[in-house]
Structures are given as C-alpha cells and as structure tokens.
Visitor: 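Take a look at this one; I'll ask things after.
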Amino acid sequence: MTESTKQQIDVCAASELPSGEMKLIDAPDGAKIGVFNCDGTLYAIEDRCSHDDGPLAEGPFDSDACTVECPRHGSLFDLTSGRPRTLPAYQPVTTYPVTIEDDTVKLEVS
Amino acid sequence: MATPETIITNAPSERPAEERDLAGINADYKEKFGFHDSETGYAYKAPKGLSREIVESISEYKDEPQWMRDFRIKAYEHFESRPTPQWGGNLNQIDFEDIHYFVRASDKNSRDWSEVPEDIKNTFDRLGIPEAERKFLSGVGAQYESEVVYHQVNEKLEEQGVIFTDMDTALREHEDLVREYWATIIPPNDNKLAALNSAVWSGGSFVYVPAGVSVAMPLQAYFRINTENMGQFERTLIIAEEGSDVHYIEGCTAPVYSTDSLHSAVVEIVAKPKARVRYTTVQNWSQNVYNLVTKRAVAHEDATMEWVDCNLGSKLTMKYPSIYLLGERAHGEILSIAFAGEGQHQDAGGKIIHAAPKTTSSIFSKSISKDKGRTSYRGLLEIAKGASESKSKVVCDALLLDEDSRSDTYPTIRIGEDDVDVGHEATVSKVGEEQIFYLQSRGLDEEEASKMIVNGFIEPITKELPMEYAVELNRLIELQMEGSIG
C-alpha cells in the first residue's frame, strides 16, 4: 500500500461512539469496516472473518479484553492487532488507523 | 460402596443358532464389552433433557468458578441457536431431550484401585484396564459415565512435573493453566456438537508435559458408558511444552441397548516448538452410540502432531481430527482406519492446514465396509498463502467386502501457494475372487484368506500402534470379519 492511495473518511461524531460500542461503516471500495471503542481507545478491522470470509464485526464485542468474537464459528480476534486468539481462524484480518479530529472519528483506508 | 451386581446381557449360551450364524459385526461385543452394571448406589443422575437449569446445575454440582459457569451458559445458547447439521450422517434421529446429560456413578476419584467402587472396578477389570496399567502404561484414567473414577500416573513423571489428571480436578488444582488454553483450539461456537460439549462437559483428561520431558510409555484413558440413553461429554486438553514428547491413547466401549446413547467429546492439543504428540484412539462403542467428536491440534515450529484414529464401533461416527501447522517445519500426520458393518456409518477422515512455510503432512485413510455398512472419507488439505515449500500427501483407500456396502470419498484440497508439493491418491477395491482363490491355493480357507487381505490392507496403520493395541485391533477386526464370507 502506498501513501498516495490512502484516504481519510469520516465515521461519525466522537460522541456517537462511546466506550463499548461499535460502528459498522462502508469503505469507498465497498468493503465494510467495524470501528470499535475499547475503553476509550479506537480500533478498526475489516468486517470479514479470515476463517470463512463471513461477517465478523457484529459478533460479541468485549470492550475490556478488546476482542470481537466471530458470530459464525467463535474465533476470537484481538482488535489491537487483527490477529485471532483462538482457532478456527489462524490468519489476521486487516486493521485500519483510527483518529479523532475536531470531535469526528476518522478512518484511514486505501 | 455399591453392591457388585453385574448383569451380562445375552450370554453366548442363550443366543439362538441363527444369531450365531449371522454373527458378522462385532460378533462377541455383547459378551465382551456390551454388558451393563446395576445403577444401584449412583451418587447423582440428572433427569433427561437439556435446559439452562441442567447446565447450571452441572456447574453448581461441580462447584466451578464463575468464568466456567458463564462459559457453559454461553455454549448452551450457541447450541440452542444452531441447526442440526444436515451433512455427513443422519443426526435427525437424535432426541436431545431423551438423554441424561450428567450421571455421577461414584462420589470420588481414586488414585488407589482398591478404593474404586466394587461394581465399577469389576467392569474395568473385565476390560483389562488395571492389567494394562501394570504392564505398559505411564498413567491411566478411567471414566465411568460422566466422571473419572480412577486416575494414576507414574511417580517419576509426576516428579518431573508431568500432570495427568481428569479435567474436573485440573480445573480445581491448575485453574490458571487450564484457563489459559481452554477453548482456544475449539471455541464453543465452532459447531453445534462442540457447543453441546462445552455446555455440559464432564470428565476427560488434562495432560501437561513440561519442556524437554519425554513420557516414554503411553498415557491411557478409558471411557465407559453404562447408563441407557446416556450422554458422555468428556473434554480433553493436552499441552506439550517445547521439546517434550507424549503418547496418549484412548479406548471406549458401552453396553448394548435398544435405544441410543450419545458421545460428544472435545479434544484440544497444543504442541509447542519441537514437541511431539501422538494421540491414538481405538473407538469401539456399541452400535447404539452416536459418536460425534471434535478433535483439533496445533503444531508450532518444528513440532510433530500425529492422530491415529481407529473407528470400529458406534452407530454413526462423525469425526475429522485436524492439525493446524502454525510454525515453520511443523509436521502433521493422520492415520485413520474405519470399519463399518451392518447398521453402521463411519464418516471419518481428517483435516490438515498448512499455515507456515516448509510444513509437511500426510493423511492415510483406510476404510473397510461390509454387510451394507457405509464408510466415508471426508478430508481437507489446505495450504495457506505464505506456506511456501510445504509438502503433503493424502492417500485414501477403501475396501468393499460385498456388493451391498458403500464407500464415499469427499476430499477437499485448497492450495494458496505455487511452490508446494501436494499428492492425492484414492483407491476403491473389492476383495476379488482371484485374490481369494490365490490364497486358497496356498492352503488357507476362504475366511482366513479374507481376513489376511483385510489385515494386509490396514497393516500400514496397525504397525504404527504399540504392539498391545495392534494385536487388539487386529483381533477386533477379525471378530468383525467372522461370518463375512458365504
């Protein structure tokens, strides 16, 4: 990925994504991305389980552990790294940088 | 102590001549394994059926920590929300409300054989367990119904830090270690049956081998169901630290009943770098048992994981031991034997996932079908992107002993790298008249000739078993072969 292909998109107002909440958004390329607030720190991962390509971000979210569980087969993903902590998934999912600028949550995508 | 009262069902002398003549499958199963004991003196037997209350009561009864209670409840919700799988064997006939999910035969788990209740002791004596322990095992566990009634491990191994105990005790005495690995290999939401096991699990083995320790003789667990309409849901976790070596063997039998029982285990294995784990199963459940098991292992860098899976009994088995090769140069091997006679469906196989470079694997599957029995090989070989220079070989051979039997092969191969070496061979053969004729010309009768062909067919796998088990497996298969000719 080169710098020139990256772009920032607005997710929502910071107040709309409190701790323990997740927002699912559409990226410009059509992919879905889940933006999570883990106890005040924001993380974003692609909405795709690396096990079978099913949706991931709307699975059970543990804000304290900063993990999301695949609703289909139970793989637990670390939101800070995108890596699975449990099988059956064994490959990481894509993560995206998230920032808050002017009270707006912004996502950097390619 | 309960009154010793063993009821032998259908003793040989009472069997009508026609039944003896038709003896094909597991000819003497009823006499040798299929007896059942009286339930007099049982400590606890949950009512039939599954509910949130039953799940909570199991946890309550075992006085478990809160995280395990929460885990069970969550798993129960997964089980309830998932449909029954409609692939593989027919699971629609299982009545999940007609099963006892927890039966405790004895109040205690002994380390002294003389303390085991008399009737349970008699059962395991008949099955040869204490004798095997004395002769060639490093440790043994005996599970009767839902819980382990006897557990022993060689003192020298214990001094070296080896833990071999039942899972309930492990949760009490090594909670942190259990929790670190628990359900990381097979999460409760992996599949419907893993969810069921996670909700109502009881018993099973916990094995921990410290770094560099080699367990020279096998550890063995023996699982026995006695109650009719019983569900056995043991949970096994094996952790082999760096450079360690362990061989775990399990065997299982149950009484012959006219209604069905359910066995649904979860087995998780972690082979750390350079560790070697072999897990051998000789599955000989009676033909009224549904055997629906999830087994999965991970092998880290330079580790070796081997499943030796022999399926002879049960009404329906659905079991596909899997290995995730997560570290460079990890090696995985699955050896599978399935034997299906009348009324049996063995849906077996294995899965290997190459997730790191230079990993190697092989799957050898041998299935034998007779008397309308059905065997299926269902396998997955996956080489993930990045697992370059990996090698794998899959061989599945099926032997049909008559016109009415059936064998199916469902191999899936996914390859995400170019620089790999993957081979797949499959054969289906019938025992031909020419083969029989040739052996008869060497002085064997027809039945002996047929047995010799079958023994030769499975020999690549039996030679991997410890001698005592190879002899037992050959004997079991010979029993199944009786009456198969003419």
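Heavy-atom basis, side chains included; hydrogens, waters and symmetry copies ignored. Lettering follows sequence order; numbering is per chain, from 1.
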Visitor: Side chain, backbone, both or neither: which part of B/E382 has a non-hydrogen atom closer than 4.5 Å to chain A?
Guide: side chain
Visitor: Give, as side chain, backbone, both or neither, the part of B/A194 having an atom under 4.5 angstrom from any heavy atom of chain A.
Guide: neither
Visitor: Hey, what's the ring geometry for B/Y279 with B/Y248, parallel, tilted or perpendicular (30° and 60° as the breaks)?
Guide: tilted
Visitor: Measuring heavy-atom distances to chain A, does B/K74 have an atom under 4.5 Å in its side chain, in its backbone, in both, or in neither?
Guide: side chain
Visitor: Heavy atoms only, distances under 4.5 angstrom: which of B/N191, B/I186, B/D190 has the most pairs with chain A? Name it, please.
Guide: B/D190
Visitor: Give the ring-plane orientation class for B/Y320 versus B/W87, where under 30° counts as parallel, over 60° as perpendicular and anything between as tilted.
Guide: tilted
Visitor: Heavy-atom cut-off 4.5 Å, strictly under: side chain, backbone, both or neither for B/L326 against chain A?
Guide: side chain
Visitor: Just checking, B/K192 and B/F79: is the charged tip under 6.0 Å from the six-membered ring centre and within 45° of the axis?
Guide: yes
Visitor: With a 2.5 Å cut-off on the SG atoms, do A/C66 and A/C38 make it?
Guide: yes
Visitor: Would you check if the side chain of B/D419 reaches a backbone N or O of B/S388 as a donor-acceptor pair within less than 3.5 Å?
Guide: no
Visitor: Between chain A and each of B/A384, B/S322, B/P188, B/A195, count heavy-atom pairs under 4.5 Å; write down the option with the most.
Guide: B/A384
Visitor: So which of A/L56, A/T94, A/T80, A/V35 actually passes side chain to side chain contact (heavy atoms under 4.5 Å, CB included) with A/I45?
Guide: A/L56
Visitor: Given the options A/R72, A/Q91, A/H51, A/R85, which has more heavy-atom pairs under 4.5 Å with chain B than any of the others?
Guide: A/R72
Visitor: Under a 4.5 Å heavy-atom cut-off, does chain B meet the side chain of A/P71, its backbone, both or neither?
Guide: backbone
